Participant: 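My questions all concern the structure below.
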Amino acid sequence: QTGATPQPGAVHVFEAEVADDGGTGWFRAAHLESPTEGPAMLGAAVHFGAGGDLFAGAPLAGSGKGAVERFVAADGGRWRHAGTLTAEGDLPGQAFVGLQLAEAGGQLLAGAPFASTVIVFGAAEGAGAEGAGADDADMDDAWVERARVANTGAGNGFFGMALAGSGEHFVVGAPGASIYAGLGFLYRWTAGDDDAAGAADGAAGEWQLAQELADTPMPLTAYADDEPALCEEGTAGRFGCSDVDLVTFMPLDQLGAKRGVMVNDIWGWTDPETGHEWALVGRTDGMSFVDITDPAAPFYAGEILLTEGA
């Protein structure tokens, strides 16, 4: 991809070559071009299937809907285009199918992160089923959409921006979920009640969400003591300071905030009837109310959540 205008893209295949002195070098064995002339971004992701075929993502194909191009090895070390894998039915907006590729259970996974979807392609009936591309080198368009997994709950989380598969499991990355704290979603193949075969065998079953994955960051602990942490040499407790002592500290989890939520502002208010002093803490998902009448013992009283759809 060069210049300001997106190009069709290309894939370069390199092979190892052993030199006379025993060393190993690499040479370009093939140059694979997009079968279409318009913008495609071919090569945004590439994957060698277990059967030896090469799959190349073209997320800009079809005006951004995206596609995956399949290439198979031919005689004389050549490669030929053997079909285009596209999602069946409509996808919202520019889905960018093929921005990421992986394999699990002998099926090809194509991320469509701008639609929060992963398209699962499998060998068509009569094609090989030992892995992506197996035994079907002479069958053009031998791969079809078998399933898709989506996570609309991830919001604008770019579900499908990263993919990794192994055996009968795969993980989908959603780096924008939880306000860019990011989440991973582990899926596993679950066979039908009367069928214990794997996904690659064309058996009845489905990919099911097995676990939501999140890191466990070291949280800041609360600070509360009978005496303030004095500002000395630019530090009060664990925090930098300048002529201000630290009386107490409440971490986000004590303000009702969930993972990924951030604070963005704070106001002070005094109740004219009770004289109680309040801190109104703005959060990216709402507001927390903290009674700070006794600054050494602040009390989290509750929250107001952001209006749905705001």
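Being a predicted model, the structure only gives us computed values, none of them experimental. FYI, the numbering just counts along the sequence from 1.
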Participant: Take Val68 and Leu108, measure what side-chain contact (heavy atoms from CB on, under 4.5 Å) needs, and give me the verdict at the end.
Facilitator: CA-CA 10 Å; Val68 179; Leu108 182 72; 4.0 Å; yes
Participant: With the 4.5 Å side-chain cut-off for hydrophobic clustering, are Leu230 and Val244 part of the same group?
Facilitator: no
Participant: Looking at Val118 and Phe159, what are the two nearest heavy atoms and their distance?
Facilitator: CG2-CE2, 4.0 Å
Participant: For Phe121, which of Leu85, Thr86, Leu101 qualifies under side-chain contact (heavy atoms from CB on, under 4.5 Å)?
Facilitator: Leu85
Participant: Of all residues at least two apart in sequence or in a different chain, which pass the ring pair (Phe, Tyr, Trp, His ring centres under 6.0 Å) check with Phe170?
Facilitator: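 Partners of Phe170 under the ring pair (Phe, Tyr, Trp, His ring centres under 6.0 Å) test: Tyr187, Trp207.
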Participant: Check whether any side-chain N or O of Thr235 sits under 3.5 Å from a backbone N or O of Gly240 as a donor-acceptor pair, and report yes or no.
Facilitator: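 No.
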Participant: Among pairs that include at least one residue of residues 241-303, which meet disulfide (SG to SG under 2.5 Å), considering only residues two or more places apart or in two chains?
Facilitator: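 Matches after skipping sequence neighbours: Cys231-Cys241.
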Participant: Under a plain distance cut-off of 3.5 Å, with no hydrogens placed, do Asp271 and His276 share a side-chain donor-acceptor pair?
Facilitator: no
Participant: Linking I/L/V/M/F/W/Y whenever their side-chain heavy atoms sit closer than 4.5 Å, directly or via other members, would Val171 and Leu109 fall into one cluster?
Facilitator: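 Result: no, two separate clusters.
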Participant: What's the spacing between Glu168 CD and Arg188 CZ if we round to 0.5 Å?
Facilitator: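 Taking CD in Glu168 and CZ in Arg188, the distance rounds to 11.5 Å.
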Participant: Hey, what else clusters with Trp267 if you join Ile, Leu, Val, Met, Phe, Trp, Tyr whenever side-chain heavy atoms sit under 4.5 Å?
Facilitator: Trp269, Trp278, Leu280, Met287, Phe289, Ile304
Participant: Minimum heavy-atom separation for Ala115 to Ala95, with atom names?
Facilitator: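 Looking at all heavy atoms of both residues, the shortest contact is CB-CB, 3.8 Å.
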Participant: Who are the side chain to side chain contact (heavy atoms under 4.5 Å, CB included) partners of Val46, not counting sequence neighbours?
Facilitator: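 Testing Val46 for side chain to side chain contact (heavy atoms under 4.5 Å, CB included), a comparison that skips the adjacent residues, returns Val11, Ala56.
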Participant: Quick one: side chain to side chain donor-acceptor pair (under 3.5 Å) partners of Arg283, sequence neighbours excluded?
Facilitator: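 With sequence neighbours excluded, Arg283 shows a side chain to side chain donor-acceptor pair (under 3.5 Å) to Asp285, Ser288, Glu303, given in chain and number order.
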Participant: Apart from Leu252 itself, which Ile, Leu, Val, Met, Phe, Trp or Tyr residues share its cluster (side-chain heavy atoms under 4.5 Å, direct or through members)?
Facilitator: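 In the cluster with Leu252 are Met250, Leu255, Val263, Ile266, Val281, Val290, Ile292, Tyr300.
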Participant: What residue pairs, at least two apart or across chains, pass side-chain hydrogen bond (donor to acceptor under 3.5 Å, both in side chains) with a residue in residues 58-69?
Facilitator: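 Passing the test, one end in residues 58-69: Glu69-His81, Glu69-Thr84.
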Participant: Apply side chain to side chain donor-acceptor pair (under 3.5 Å) to Glu33 and list each qualifying residue two or more places apart in sequence or on a separate chain.
Facilitator: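 Per chain and number, Glu33 pairs via side chain to side chain donor-acceptor pair (under 3.5 Å) with His31.
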Participant: Can you pull out every salt bridge (Lys or Arg N to Asp or Glu O under 4.0 Å) where at least one residue sits in residues 104-122? Sequence neighbours excluded, please.
Facilitator: none
Participant: Please find the pair of heavy atoms, one from Ala110 and one from Val97, that lie closest to each other, and give the distance.
Facilitator: CB-CG1, 4.0 Å
Participant: Suppose we screen for side chain to side chain donor-acceptor pair (under 3.5 Å). Which residues come up paired with Glu212, at least two apart in sequence or across chains?
Facilitator: none
Participant: With sequence neighbours excluded, give me every ring pair (Phe, Tyr, Trp, His ring centres under 6.0 Å) pair touching residues 240-265.
Facilitator: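 For residues 240-265: Phe239-Phe249.
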Participant: May I ask you to decide if Met262's main-chain N or O and Thr284's side chain share a donor-acceptor pair within less than 3.5 Å?
Facilitator: yes
Participant: Can you name the closest pair of heavy atoms from Phe55 and Arg70 and give their distance?
Facilitator: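 Between these two residues, the closest heavy atoms are CE2-CD, 3.6 Å.
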Participant: Considering non-hydrogen atoms only, spot the tightest contact between Ala177 and Leu183 and give its length.
Facilitator: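 Result for this residue pair: CB-CD1, 3.8 Å.
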Participant: Is it the case that over 12 heavy atoms from other parts of the model lie below 6.0 angstrom from the CZ atom of Arg78?
Facilitator: no
Participant: To the nearest 0.5 Å, how far apart are CZ in Arg80 and CG in Asp75?
Facilitator: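 Between Arg80 CZ and Asp75 CG, I get 10.5 Å after rounding to 0.5 Å.
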Participant: Does atom CG (Asp243) have a neighbourhood of more than 12 heavy atoms from anything else shown, all under 6.0 Å?
Facilitator: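 Count not over threshold, so no.
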Participant: Locate the shortest heavy-atom distance separating Gln94 from Phe114; write the atom from each residue and the value.
Facilitator: O-CB, 3.0 Å
Participant: Tell me whether Leu209 shares a hydrophobic cluster with Leu186, the cluster being built from Ile, Leu, Val, Met, Phe, Trp, Tyr side chains joined at under 4.5 Å.
Facilitator: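 Result: no, two separate clusters.
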Participant: Does the Glu15 side chain pair with the main chain of Ala29, one donor and one acceptor, at a distance under 3.5 Å?
Facilitator: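 A pair under 3.5 Å: no.
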Participant: Under the side chain to side chain donor-acceptor pair (under 3.5 Å) rule, collect the residues that match up with Thr36, sequence neighbours excluded.
Facilitator: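 Testing Thr36 for side chain to side chain donor-acceptor pair (under 3.5 Å), a comparison that skips the adjacent residues, returns Ser34.
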